[in-house]
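Nothing here was measured: the structure is a model prediction, and the numbers come from that model. Side-chain atoms are counted along with the backbone in the values below, which use heavy atoms only and exclude waters and symmetry mates.
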Amino acid sequence: MRRLGIVVLVIVVGLYLVPNAVAVGADSVEDVLDSDDGLINDYVNDMAFDDDEQHLYLGTQNGLSVFNIEQKEFVDHLNFSSSEYRNNVLDVCTGGVGVYLVTSAFDYPVKHYYRSSGVGHLSNVSIYRPMYSTGLTSIGVSQNGSVLCVGVNGEGILVYCNTVLTQ
Amino acid sequence: MSNGVQSILRAEIQSGHDWFFIGTLSGISIFDAKDSTFVSIDVLETMPHSISAMLYDPNKQRLYVGTSTGLYAYSLTSSSAVAVEGFPLTTEDGLESNNILAIALDGSQLYLGTGRGLHKYDLDRMDQIGLHVLDSSSGMPEDAVAAIAIDKSSSKGTLYAGTIGGGVAVIKISYDVPLFGQEWWALNGSWAYPVIAVICAVVFGAIGCYVKSRK
């Protein structure tokens with residue numbers, strides 16, 4: 001009888017504790033980085049690593065945040081317009097020197113970001129939006145950075161080779 | 001092929017050739033940046049799905065394709081693609097959602113960002129269970145995961161999951177392997193483990209306490 005009681009006790013305690021346990025092989029959430037920690041916006045569209053710089057680039061609905069993996073802190077924040085609607089970073093990729101972004105900025109939606117001497121720099125890539133009736137959605141860059149491929153919703157792709165733009 | 005471009009992936013399939021995989025509303029086009037030509041692979045071009053995410057595994061020479069109807073996988077050469085057995089992965093295989101928003105790979109562990117959580121799928125045990133989900137009930141700030149980045153330089157393995165509305169979840173990757181096969185998992189990582197292990201040892205003479213996974 002006493003043994004039966006212990007077994008029942010174990011089952012009851014187990015039923016309470018098991019849902020709180022973490023299985024071997026399962027990952028666990030260690031931390032959350034959001035706007036309270038300095039993230040420029042909590043709606044994250046895309047991310048990319050820069051292995052050399054040990055930076056994580058976060059494209060959000062209101063600009064780009066740069067997170068230093070080693071220091072575990074945000075080291076840069078960038079947006080492009082006073083209108084939040086024009087600050088959406090839709091896609092991020094690394095290649096060549098720095099990071100390329102497709103954004104909702106009106107005039108020059110494709111941007112190049114790089115760091116030099118610890119300072120972040122943002123420049124426009126000369127792909128001019130009014131040429132295309134609908135939005136840019138995505139971007140890829142060759143390993144050496146010489147070829148950009150930009151996806152346009154409804155218009156196919158733009159291939160940008162050095163300074164020559166073809167469609 | 002549709003002009004509605006949704007996603008782009010760069011990968012080096014042939015030495016010296018950067019290929020851009022152009023994910024559209026109905027299939028994938030491939031552009032060879034070196035030759036400035038399109039490469040035609042019928043199986044990919046005729047996929048009847050909107051392509052939301054892609055990833056190329058150079059070790060297995062395999063292309064993973066995320067769509068709104070699940071995850072597809074193809075063994076890829078420079079001239080052909082063959083569907084991999086066991087795919088597509090869908091809700092029938094345990095996914096919480098067929099809407100694949102992001103894909104990342106860490107060794108044999110495939111991570112899928114979906115509208116309903118971050119899924120971890122063990123490719124070496126794909127015929128067994130090997131599927132885990134992190135969502136808002138397990139500490140994620142939001143269920144919808146739109147982007148994944150894995151810090152492989154770190155010795156302990158850290159994954160960053162970008163969510164829609166909740167910022168970024170920093171996730172510790174577990175490399176532990178269950179002792180009794182994939183369906184049985186030791187209670188671990190919780191204060192409950194030593195308590196239950198001692199009770200089980202006293203009552204049943206067992207070494208530890210194991211429970212069967214729900215998945």
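At a 4.5 Å heavy-atom cutoff, V102(A) makes no contact with chain B through either its backbone or its side chain. For chain A, no part of L9(B) is nearby; none of its heavy atoms comes within less than 4.5 Å. With a 4.5 angstrom heavy-atom cutoff, V141(A) touches chain B only via backbone atoms. For L101(B), no part lies under 4.5 angstrom from a heavy atom of chain A. Proximity to chain A (any heavy atom under 4.5 Å) is shown, for A144(B), by neither the backbone nor the side chain. Only the side chain of L56(A) has a heavy atom closer than 4.5 Å to any heavy atom of chain B. Only the side chain of L134(B) comes within contact range of chain A, with at least one heavy atom under 4.5 Å from a heavy atom of that chain.
Closest of all the heavy-atom pairs between A146(B) and V44(A) is CB-O, 3.5 Å. Scanning both residues, I69(A) and Y160(B), for their nearest heavy atoms gives CD1-OH, 3.4 Å. In this structure, Y43(A) and G165(B) approach most closely via the heavy-atom pair CD2-N, 3.5 Å. Between V29(A) and A169(B), the closest heavy-atom pair is CG1-CB, 4.4 Å.
Separating the CD atom in E12(B) from the OG atom in S142(A) is a distance of 10.5 Å, to the nearest 0.5 Å. Rounded to the nearest 0.5 angstrom, N45(A) CG and I164(B) CD1 are separated by 7.5 Å. A distance of 8.5 Å separates OG1 of T94(A) from CZ of R10(B), quoted to the nearest 0.5 Å.
Between I157(A) and F20(B), the closest side-chain pair of non-hydrogen atoms is not below 4.5 Å. Within the 4.5 Å cutoff, no side-chain heavy atoms of L159(B) are placed close to those of D27(A). When side chains are defined from C-beta on, V168(B) counts as touching L58(A), because their heavy atoms get closer than 4.5 Å. Contact check for V152(A) versus V5(B): no side-chain heavy atoms found under the 4.5 Å cut-off.
Under a cut-off of 6.0 angstrom, the local environment of CZ in R115(A) is crowded, with over 12 non-hydrogen atoms contributed by other residues, nucleotides or ligands. By the neighbour-count criterion of 12 heavy atoms within 6.0 Å, atom CD of Q14(B) is densely surrounded, having more than that number from other residues, nucleotides or ligands.
Heavy-atom pairs under 4.5 Å with chain B were tallied for D34(A), V32(A), D46(A); the largest tally goes to V32(A).
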- Query: Hey, mind stepping through V147(A) and D18(B) against side-chain contact (heavy atoms from CB on, under 4.5 Å) and telling me if it holds?
  - Reply: CA-CA 9 Å; V147(A) 180; D18(B) 276 327; over 6 Å; no

